[in-house]
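Keep in mind it's a predicted model, so treat the numbers as computed, not measured.
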Amino acid sequence: MTPIIHAQLDWDDQGRPHSRVFDDVYFSDKSGLEETRYVFLEQNRLQERFAALPVGGRLVIGETGFGTGLNFLCAWQLFEQHAVAGARLHFVSVEKYPLSHADLQRALALWPELAPFSEPLLAQYIVIHQGFQRLVLDNGRVTLTLLIGDVLEQLPQLDAQIDAWFLDGFAPAKNPDMWTAELFAELARLAAPGATISTFTSTGWVRRLINAAGFKMKRTPGIGHKWEILRGEFLGWPTDAPVPPAAKPWFARPPAIDGERHAMVIGGGLAGCTTAASLAARGWRVSLLERHAGLAQEASGNPQGVLYLKLSAHGTALSQLILSGFGHTRRLLEHLHRGIDWDGCGVLQLAFNAKEAERQAQLAAAFSPGLLHLLDPAQAQARAGVALEHGGLFFPEGGWVHPPALCEWQARHPLITVLTHHEALELQRVDGQWHALAGDTRLASAPVVVLAGAAEIKRFPFSADLPLKRIRGQITRLAQTPQSEALATVVCAEGYVAPARLGEHTLGASFDFKSDDLTPTVAEHTGNLEMLREISVDLAQRLGADALAPEQLEGRAAFRCTSPDYLPIVGPLAERTAFDQAYAALRKDARQIPEAACPWLDGLYINSGHGSRGLITAPLCAELLAAWLNDEPLPVPASVAEACHPNRFALRALIRGTGG
């Protein structure tokens with residue numbers, strides 16, 4: 001992975017930004033707004049297309065070069081003016097050099113008439129790092145997915161159907177990498193039937209390359225000092241080019257759900273509440289079934305969870321998911337009450353041994369300092385506010401969260417009905433409906449069911465063989481003292497301790513792979529106090545840890561639920577016996593791809609296996625699940641979606657059956 005580099009700008013005497021790297025302007029010196037509206041909105045016929053969208057309909061715009069976001073804001077404004085209330089806008093844009101927040105704010109100040117749109121964008125334009133970054137705007141009516149990085153690394157990982165393309169890289173002569181045959185082939189791969197396309201350039205070789213990719217481009221009169229521009233539409237994949245490989249059937253999208261958009265979500269923790277919210281934002285009616293008396297009673301019920309990023313410098317699927325999920329969750333938290341529901345106080349991961357110090361040095365080289373940077377022992381101590389023996393890695397945008405507050409806020413949508421004391425013991429599908437049963441009692445019914453109840457989903461026969469395991473964890477609650485108020489950031493080693501919330505620090509958490517008993521134990525309180533001393537002897541003294549009797553300490557235990565590869569399990573599920581029959585050929589040859597359609601369990605989806613990372617992975621995985629269900633652009637790279645797919649375990653079992 002390579003650290004992101006923000007755009008390097010100069011500003012002219014009228015306050016307009018100019019790129020140093022490309023020696024080019026971001027928008028016209030005549031009228032950037034008029035040019036955007038003419039070149040991109042008018043040539044793609046967006047006003048009439050927005051007006052024609054039905055309730056529940058959507059339009060997907062793709063863009064090369066997000067820049068100042070001007071095209072996005074103008075498209076959003078037009079959508080707001082002409083689309084019905086129940087329609088949605090998806091905007092997907094690639095940007096290698098994103099503007100810093102301060103520069104974006106300065107650039108957008110030039111357009112005060114766009115303030116109703118630029119202000120919410122700026123509020124969510126935080127924690128923008130490499131890879132896929134999803135911003136949810138206007139209560140989910142508008143979704144912006146930024147692909148931060150090189151266009152030919154990012155677009156091939158996009159799974160989407162684009163209805164209208166905006167080609168808005170810097171001028172071909174200044175930035176030839178954004179105007180290549182390889183890029184135009186990606187635009188064609190992603191184009192929906194009849195997709196439109198427009199660009200400010202009319203350069204002949206650009207037009208010929210786009211035509212060769214399957215578009216029919218026409219020169220059209222320009223605006224301002226541009227004599228001509230290009231617009232066109234997608235005719236279909238060119239007959240003389242090799243067809244791009246189709247999605248493997250076990251990772252392909254299931255058929256769209258027809259009829260009533262109603263889902264049952266089983267499990268009222270983070271996975272269930274965020275899934276319910278993502279579906280409700282898309283107009284789904286959701287019945288949220290929770291077996292306890294309230295939401296977030298199990299692993300999501302701890303008083304403080306840490307926004308903690310265990311990353312890899314090698315860009316693994318898990319690392320990509322964590323980086324995208326961290327940004328998404330951190331942006332959601334802006335809606336909650338800071339200091340009670342969450343605090344962005346930063347997270348310090350101590351380099352407690354040589355191996356950890358080496359790992360941290362690799363990460364510091366792979367990611368931008370705004371995400372993480374190394375602190376020596378003196379700097380770490382100054383940041384933490386307590387004495388520390390080690391330096392470490394500091395995540396300035398991290399912090400702690402009160403998970404129940406996030407769950408309750410997500411479940412507050414008017415389309416969500418929370419059904420407490422509803423424990424689904426059995427699921428049956430009858431006449432296109434899933435029925436949740438407890439003995440002879442039918443608790444709820446819907447055409448779609450999402451299993452979000454951690455390891456409890458193994459009680460149902462069709463999900464029983466998913467390899468989920470429970471790991472018991474116990475936290476210890478310690479009363480704040482006048483001396484412990486000095487703790488200014490979350491500090492982690494083998495465990496973690498957080499600055500106080502409502503007069504109480506959270507310390508934890510233990511790992512126990514064997515116990516099924518959720519009664520807090522003295523032994524684990526003792527172990528947590530030992531972890532505290534390993535983090536900081538000074539903090540332990542400030543908290544009076546030596547005088548505390550472990551048997552009198554308060555705490556809670558819960559089960560984390562994790563998978564063998566530590567990735568969550570998210571997406572549609574196949575019927576296992578039929579899957580094994582359909583793809584039996586993989587036992588003999590793992591490289592062949594049978595054409596048989598996947599035998600999906602109609603309307604059944606999974607969101608589980610988040611382990612100790614649920615705060616970071618569950619909300620984004622809820623967006624992923626909603627994208628599967630609504631046939632929308634996926635919010636993560638295709639390779640990450642496949643790595644999280646429920647079918648991966650059945651697939652591996654077949655392939656391992658070859659003995660290879």
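In Glu554, the CD atom is not crowded: 12 or fewer heavy atoms of neighbouring residues, nucleotides or ligands sit closer than 6.0 Å. Atom NE2 of His18 sits in a crowded spot, with more than 12 heavy atoms from other residues, nucleotides or ligands closer than 6.0 Å. Within a 6.0 Å radius of CD in Glu389, no more than 12 heavy atoms belonging to other residues, nucleotides or ligands are found. Shown here is Arg383, whose CZ atom has no more than 12 heavy atoms of other residues, nucleotides or ligands within 6.0 Å.
Within the 3.5 Å criterion, the main-chain N or O of Phe511 finds no donor-acceptor partner in the side chain of Arg560. Using a distance-only test at 3.5 Å, with no hydrogens or angles considered, a donor-acceptor pair links the side chain of Gln157 to the main chain of Ser639. Side-chain N or O atoms of Ser312 include none that pairs as donor or acceptor with a backbone N or O of Ser319 at under 3.5 Å. Using modelled atom types, no side-chain atom of Tyr496 and backbone atom of Val347 make a donor-acceptor pair closer than 3.5 Å. Listed for the Ser484 side chain is no donor-acceptor partner under 3.5 Å among the backbone atoms of Gln480. The backbone N or O of Ala387 sits nowhere less than 3.5 Å from a side-chain atom of Gln381 that would complete a donor-acceptor pair. Side chain of His402 to main chain of Gln304: no donor-acceptor pair is present (N/O by atom type, distance under 3.5 Å, no hydrogens or angles). In terms of modelled atom types and a separation under 3.5 Å, the side chain of Arg556 and the main chain of Glu298 share a donor-acceptor contact. A distance-only check finds a donor-acceptor pair linking the side chain of Glu95 to the backbone of Phe66 [under 3.5 Å]. Proximity of a side-chain donor or acceptor of Arg331 to a complementary backbone N or O of Ile126 within less than 3.5 Å is detected.
Between Leu333 and Leu307, some side-chain heavy-atom pair lies under the 4.5 Å cut-off. At a threshold of 4.5 Å between non-hydrogen side-chain atoms, the residues Leu121 and Leu108 count as touching. His101 is listed as a side-chain neighbour of Leu122, based on a closest heavy-atom distance under 4.5 Å. Side-chain contact between Asp565 and Arg652 is present, with at least one heavy-atom pair separated by less than 4.5 Å.
Heavy-atom minimum distance, Ser93 versus Gly65: OG-C, 3.9 Å. Nearest heavy atom pair, residue Val127 against residue Arg330, reads CG2-CG, 3.2 Å. When all heavy atoms are compared, the tightest approach of Leu567 to Cys644 is CD2-SG, 4.0 Å. Residues Leu388 and Ala380 share a closest heavy-atom pair of CD1-O, 3.6 Å. Looking at every heavy atom in both residues, Arg533 comes nearest to Ala540 through CG-CB, 3.9 Å. Closest non-hydrogen pair, Pro120 versus Leu137, comes out as O-CD2, 3.6 Å.
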| query | Going through the distances and angles, do Phe394 and Gln360 end up as a side chain to side chain contact (heavy atoms under 4.5 Å, CB included)? | reply | CA-CA 10 Å; Phe394 186 62; Gln360 292 186 3; over 6 Å; no
| message | Run the side chain to side chain contact (heavy atoms under 4.5 Å, CB included) test on Arg20 and Asp10 for me, step by step, so that the C-alpha distance in whole Å, both residues' side-chain angles and the decisive distance to 0.1 Å come before the verdict. | response | CA-CA 7 Å; Arg20 280 184 218 156; Asp10 292 313; 3.0 Å; yes
| request: Go through Asp177 and Lys96 one step at a time and tell me if the salt bridge (charged side-chain N to carboxylate O under 4.0 Å, His left out) criterion holds. | output: CA-CA 11 Å; Asp177 288 354; Lys96 187 173 185 178; 5.6 Å; no
| field | Candidate pair Phe326 and Leu371, rule side chain to side chain contact (heavy atoms under 4.5 Å, CB included), full reasoning | value | CA-CA 10 Å; Phe326 172 62; Leu371 176 68; 3.9 Å; yes
| task | Step by step, work out the side chain to side chain contact (heavy atoms under 4.5 Å, CB included) result for Arg501 and Thr506. | result | CA-CA 8 Å; Arg501 172 186 180 267; Thr506 301; over 6 Å; no
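Between the side chains of His129 and Glu397, at least one donor N or O sits under 3.5 Å from an acceptor N or O. Between Asp517 and Thr519, the side chains place a donor N or O and an acceptor N or O closer than 3.5 Å (distance only, hydrogens not considered). Of the N and O atoms on the side chains of Thr274 and Gln410, not one donor lies less than 3.5 Å from an acceptor on the other residue. The closest side-chain donor-acceptor pair between Ser100 and His6, if any, does not fall under 3.5 angstrom.
Each of Ile148, Leu323, Leu158 was scored for a side chain to side chain contact (heavy atoms under 4.5 Å, CB included) with Phe132, with one residue passing: Leu158. Results of the side chain to side chain contact (heavy atoms under 4.5 Å, CB included) test with Leu620 over Ile322, Leu625, Leu321 single out Leu321 as the only residue that passes.
Atoms OH and CG, from Tyr605 and Leu279 in turn, are 10.0 Å apart once rounded to the nearest 0.5 Å. The NZ atom of Lys310 lies 10.5 Å from the CG atom of Leu363; values are rounded to the nearest 0.5 Å. His335 contributes atom NE2, which lies 10.5 Å from atom CG of Leu406 (distance to the nearest 0.5 angstrom). In this structure, CG on Asn647 lies 6.0 Å from CG on Leu573, to the nearest 0.5 angstrom.
The ring-ring contact (aromatic ring centres under 6.0 Å, His included) check on Phe649 picks up nothing, with sequence neighbours excluded.
For Trp400 and His505, the distance between ring centers is not under 6.0 angstrom.
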